[in-house]
Amino acid sequence: MSSTKNLISFDELESGHPLFINTDERPDWPSVFGNDHPLKLEIGFGNGRFLIELALQRQESNFIGLDFYHKGIRKSVTRLGKLMINNARICYGDAREKVPILFQAGELSEIFINFPDPWPKKRHIKRRLIKPDFVRLLATLLESGGSLHLATDCEPYAREMIVYLEEEPLLKNKSGETQFFHERDDVPKTKYENYFIRNGHTIYYTSFTKK
Ligand SMILES: C[S@@+](CC[C@H](N)C(=O)[O-])C[C@H]1O[C@@H](n2cnc3c(N)ncnc32)[C@H](O)[C@@H]1O
């Protein structure tokens, strides 16, 4: 297990930190960032590797990471601080509860959901994050022409989510007739993605655009 001794504590974050947000009210994002650059959301950022690398690569955009995994949050805030990254913030909470609070319709230019928990057992399938109502919510929050990107190595989950995505009238599959692509090189790799690639798993990537 990796050490946590040099990480900022969750109590310190909760008592107020400029990179950390735990709120039940919608922030005014341009005021938070001091500019109105395009706003991008990653749901379930895990250890924050993808979010941090993307924020470094795309300085002209603002990034929000949303997760409820304390250690990942502590790691990500600590690293963002060390690297003096100003165009990313870490939000705490369950995406189902927080996404409708944090953003308004048309506010997001991109949404990334990388390797959401697959809940492979039949009796747990209902716990999966990607469901029709959630897809509708995400589509509503995207600006016209904005993109929703998903990745999973769990084929049954991929096949379930593609049905909801294809059925959502606000969205259009960027790859046309091809439902999935199996390589993605325009964004950083996540921790889980690297693990799955090393172990020879097929990865199901999809990208949808808001009509
Ligand atoms: C399998 S991990 C993938 C982490 C990272 N995206 C990666 O690819 O390395 C799933 C992540 O989603 C987070 N997560 C699961 N359900 C969530 C929810 N309802 N709201 C916010 N985060 C969630 C978990 O805490 C975990 O960090």
Side-chain angles (χ1 to χ4, degrees), residues 1-2 4 7 10 13-14 19-24 26-27 40-57 63-80 88-103 108 110-121 123-138 141 147-158 160-161 164 180-207:
M1 202 195 282
S2 63
T4 54
L7 301 182
F10 204 78
L13 294 177
E14 285 283 49
L19 299 173
F20 177 76
I21 296 171
N22 182 5
T23 182
D24 289 324
R26 192 177 67 75
K40 299 171 194 280
L41 168 68
E42 185 187 8
I43 297 173
F45 58 81
N47 73 353
R49 176 188 301 195
F50 175 93
L51 183 81
I52 291 169
E53 281 187 37
L54 203 57
L56 283 168
Q57 282 174 16
F63 291 86
I64 308 297
L66 175 62
D67 205 311
F68 47 40
Y69 169 48
H70 282 211
K71 188 171 165 192
I73 288 169
R74 293 171 56 209
K75 268 190 185 170
S76 302
V77 175
T78 303
R79 189 146 177 251
L80 284 170
R89 296 291 183 277
I90 297 298
C91 287
Y92 177 69
D94 185 325
R96 291 186 189 92
E97 184 197 330
K98 295 290 182 171
V99 171
I101 296 172
L102 292 173
F103 308 101
L108 294 169
E110 281 184 278
I111 302 171
F112 296 91
I113 307 181
N114 296 312
F115 305 92
D117 292 333
W119 296 109
K121 289 187 182 154
R123 69 177 187 279
H124 291 154
I125 284 176
K126 56 180 177 300
R127 297 186 190 175
R128 288 177 178 164
L129 183 62
I130 312 302
K131 295 290 175 194
D133 287 353
F134 196 64
V135 169
R136 164 50 64 104
L137 171 66
L138 298 179
L141 298 179
S147 302
L148 170 61
H149 311 279
L150 292 123
T152 182
D153 75 314
C154 174
E155 185 179 355
Y157 196 5
E160 185 191 357
M161 64 174 75
Y164 307 147
F180 302 104
F181 44 105
H182 296 292
E183 281 182 20
R184 186 173 73 175
D185 293 320
D186 58 336
V187 287
K189 298 260 181 286
T190 79
K191 178 182 170 186
Y192 276 69
E193 187 173 12
N194 280 326
Y195 171 83
F196 293 138
I197 290 171
R198 272 200 310 276
N199 287 279
H201 294 214
T202 298
I203 300 181
Y204 299 83
Y205 299 99
T206 57
S207 276

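Atoms within a ligand are numbered from 1 in the order they appear, just like the ligands themselves.
- For the pair Phe115 and Leu150, the minimum side-chain heavy-atom distance is 4.5 Å or more.
- The contact set between ligand 1 and Asp67, taken as ligand atoms under 4.0 Å from a residue heavy atom, comprises 11 (C), 12 (O), 13 (C), 21 (C), 22 (N), 24 (C), 25 (O), 26 (C), 27 (O).
- Close contacts of ligand 1 with Tyr69, meaning ligand atoms under 4.0 Å from a residue heavy atom, involve 25 (O).
- Residue, atom and distance of the protein heavy atom nearest to atom 20 (N) of ligand 1 are Ala95 N, 2.8 Å.
- At under 3.5 Å, not a single nitrogen or oxygen of Phe45, backbone or side chain, sits near a nitrogen or oxygen of ligand 1.
- The shortest N/O to N/O separation between Glu193 and ligand 1 does not fall below 3.5 Å.
- No hydrogens or angles considered: a donor-acceptor pair under 3.5 Å links the side chains of Glu14 and Asn22.
- By the 4.5 Å heavy-atom criterion applied to side chains, Gln57 and Pro188 are counted as neighbours.
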Quiz item: Which is it for Phe181 and Ser207 under the side-chain contact (heavy atoms from CB on, under 4.5 Å) test, yes or no, and what are the steps along the way?
Solution: CA-CA 9 Å; Phe181 44 105; Ser207 276; 3.9 Å; yes
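- Checked against a 3.5 angstrom limit, the closest N/O atoms of Phe115 and ligand 1 fall outside it.
- Relative orientation of the Phe112 and His149 rings is parallel, given thresholds of 30° and 60° on the angle between their planes.
- Of the candidates Gly65, Cys154, Gly93, Gly93 brings a heavy atom nearest to atom 21 (C) of ligand 1.
- When only non-hydrogen protein atoms are considered, atom 5 (C) of ligand 1 lies nearest to Gly44 O, 3.5 Å.
- Looking at Glu160 and Ile125, their side chains come closer than 4.5 Å, going by heavy atoms from C-beta outward.
- The nearest heavy-atom contact from the protein to atom 18 (C) of ligand 1 is Phe68 CE2, 3.4 Å.
- Residue, atom and distance of the protein heavy atom nearest to atom 15 (C) of ligand 1 are Asp117 OD2, 3.3 Å.
- Less than 4.0 angstrom separates some heavy atom of Thr190 from each of these atoms of ligand 1: 7 (C), 8 (O), 9 (O).
- Given atom 19 (N) of ligand 1, the protein heavy atom at minimum distance is Asp94 OD1, 2.9 Å.
- Not less than 6.0 angstrom separates the ring centroid of Phe68 from the ring centroid of Tyr92.
- In this structure, Arg128 forms no cation-pi arrangement with Trp119, as its terminal cationic atom is not both closer than 6.0 Å to the ring centre and no more than 45° off the ring axis.
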